[in-house]
Protein chains: 2
Amino acid sequence: MSHVVPPFELPMSDPAPVERERADARRNRERILCATARLIDRVGIDCMSMDDVAAEAGVGKGTLYRRFGDRSSLLRALISEPEQAFQDALIRGDAPLGPGAPPDERLHAFGEGVLTFLDSHAVYIQAGERLGGGKRYGHPVYAFYRTHVSLLLGQALGETPHHDYLVDALLGPLSAEPFLYQRDLRGMSVEEICAGWHALCDAVLAQG
Amino acid sequence: MSHVVPPFELPMSDPAPVERERADARRNRERILCATARLIDRVGIDCMSMDDVAAEAGVGKGTLYRRFGDRSSLLRALISEPEQAFQDALIRGDAPLGPGAPPDERLHAFGEGVLTFLDSHAVYIQAGERLGGGKRYGHPVYAFYRTHVSLLLGQALGETPHHDYLVDALLGPLSAEPFLYQRDLRGMSVEEICAGWHALCDAVLAQG
DNA sequence: CACTATAGCGGACTCCAGTCCGCTTTTGTC
DNA sequence: GACAAAAGCGGACTGGAGTCCGCTATAGTG
């Protein structure tokens, strides 16, 4: 199962204790993730109840919740592998996404990367956030992105007033809800959305 | 005088209730709204269940839902009066919020107005959106704001590429979730948030 | 005032997320 | 291998959102 990943912590949020996983726990975790993917494929993300998942996986609800905490986290877990890969690419990957390119180029590459990621996965994130309730800003991924953009913007512009605000403003359109609105309700192509974000980014970069 | 808003109709969030309201319906609507306000005051917005509201108001749940559709709409209804007043001020109020001032000034005034409104009411909107699920972009209020900002930006800059995208990007930080994040999690004052938005707005205006 | 069509009403009901707690399996230790 | 502690397990249970449908009050008409 390519989407099954060990329960590591997200980078730089935790020193990662990583205890050994019991065999039955591992088996059930895999079953649950597979069952979730199967169910989403069969009935759609909105009609998939947690009871369904437990039944499909052949485990009890208690097990499901012990593992994944809530619906939101379960859906996140489904995409944790590509999410991790993207974060790695930001830190260790090739330029311009990774280190080596000038900060403004990296910033543009970052936005494009997030939007491409959203194109594949926004539906899961959005569905998770819907019932999770305001998860976005509290999620470690947001903190990670924020640090990254803050750093790049600082490198590009130096100390500027409203630095922090502009970081959030740049990240705003890179979240699932606005993306899905633009793509599905406004009918924009991913290229158009990317181009729009580049324009926003340029505006902010020019401002400094 | 290109910045004067032509007298065409902008979409309003609450199309006039053309039909006469039955006496019992009116009585119950008032009871429900009062009960909701009382309950929020007493137990807090998150602990207030719809059953509680119905019981406190002395009506059945059916009545509650017939009236207000869902929890999200009930919470919206609580602030519909000031919301309406703000929208009126945008169309018919004094400059710079209303017509008469140059578009860039009106844009700045709009942002400040929304943020001030959010400072009082974001909690209700956010609580509603949490269980409503992605209501923001589908809500008539968003369409109204969108039209308004689009018009002002168009007057200020003329036809520019990515016009629509930038409108959404400007509106992004003016929604409840980012606002509450900035105010309550990041500990920013409303003044700082306003100043940040002005900077964003200036960046976009300078870009054209 | 009597009549009737219809808007309004209420609460039992369904469905689902998330919790609780007693039972089972695993793992480390001797 | 025996044992105890710890980790894992499962499904009954709770509580709340939103629906359904038969009953009731209202307002318009003669």
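Chain identifiers are assigned alphabetically (A, B, ...) following the order of the sequence lines, protein sequences preceding nucleic acid strands; residue numbering begins at 1 within each chain. When reading the values below, keep in mind they use all heavy atoms of this one structure, side chains included, and skip hydrogens, waters and symmetry mates.
A/R66 has no side-chain polar atom (N or O) that falls below the 4.0 Å cut-off from OP1 or OP2 of D/dC9. Here B/N28 reaches the OP1 or OP2 of C/dC9: one of its side-chain N or O atoms lies under 4.0 Å away. Taking 4.0 angstrom as the limit, A/T63 places none of its side-chain polar atoms (N or O) nearer than this to OP1 or OP2 of D/dG8.
Using modelled atom types and a 3.5 Å distance limit, the side chains of B/D70 and B/S73 yield a donor-acceptor pair. No side-chain donor from either of A/Y124 and A/R76 sits under 3.5 Å from a side-chain acceptor of the other.
Nucleotide C/dA17 holds its C1' atom 20 Å from the CZ atom of A/R67, rounded to whole Å. In this structure, the CZ atom of A/R26 is 19 Å from the P atom of D/dA7, given to the nearest Å. Computed from coordinates, the B/R29 CZ to C/dG8 P distance equals 11 Å when rounded to whole Å. Summarising the geometry, the separation between CZ on B/F68 and C1' on D/dA17 is reported as 16 Å, rounded to the nearest angstrom. In this structure, the CG atom of A/D70 is 5 Å from the P atom of C/dG18, given to the nearest Å. D/dC13 atom P lies 18 Å from atom OH of A/Y65, rounded to whole Å.
Under the 3.5 Å distance criterion, the side-chain polar atoms of A/R146 are matched with a main-chain donor or acceptor of A/D164. Remark: the backbone N or O of A/S189 is not paired with any side-chain donor or acceptor of A/R183 at under 3.5 angstrom. Checked by atom type and distance alone, the side chain of B/S80 pairs as donor or acceptor with a backbone atom of B/A77 at under 3.5 Å.
Enclosure of atom CG in B/D94 is not indicated, since only 12 or fewer non-hydrogen atoms of other residues, nucleotides or ligands lie within 6.0 angstrom.
Remark: B/E112 CD to B/H198 NE2 distance equals 3.5 Å, nearest 0.5 Å.
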Which letters describe nucleotides 22-30 of chain C, given B = protein heavy atom under 4.0 Å from base, S = only from sugar-phosphate, - = neither?
---BSS---
List the steps, then state whether side-chain contact (heavy atoms from CB on, under 4.5 Å) holds for A/D119 with A/F179.
CA-CA 8 Å; A/D119 193 34; A/F179 175 82; 3.8 Å; yes
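Using the six-membered ring where Trp is involved, A/F144 and A/H148 have ring planes that are parallel, under 30° apart on the 30 and 60° scheme.
Proximity of residues 44-61 of chain B to DNA chain C (heavy atom under 4.0 angstrom from any strand atom) is restricted to B/V59, B/G60, B/K61.
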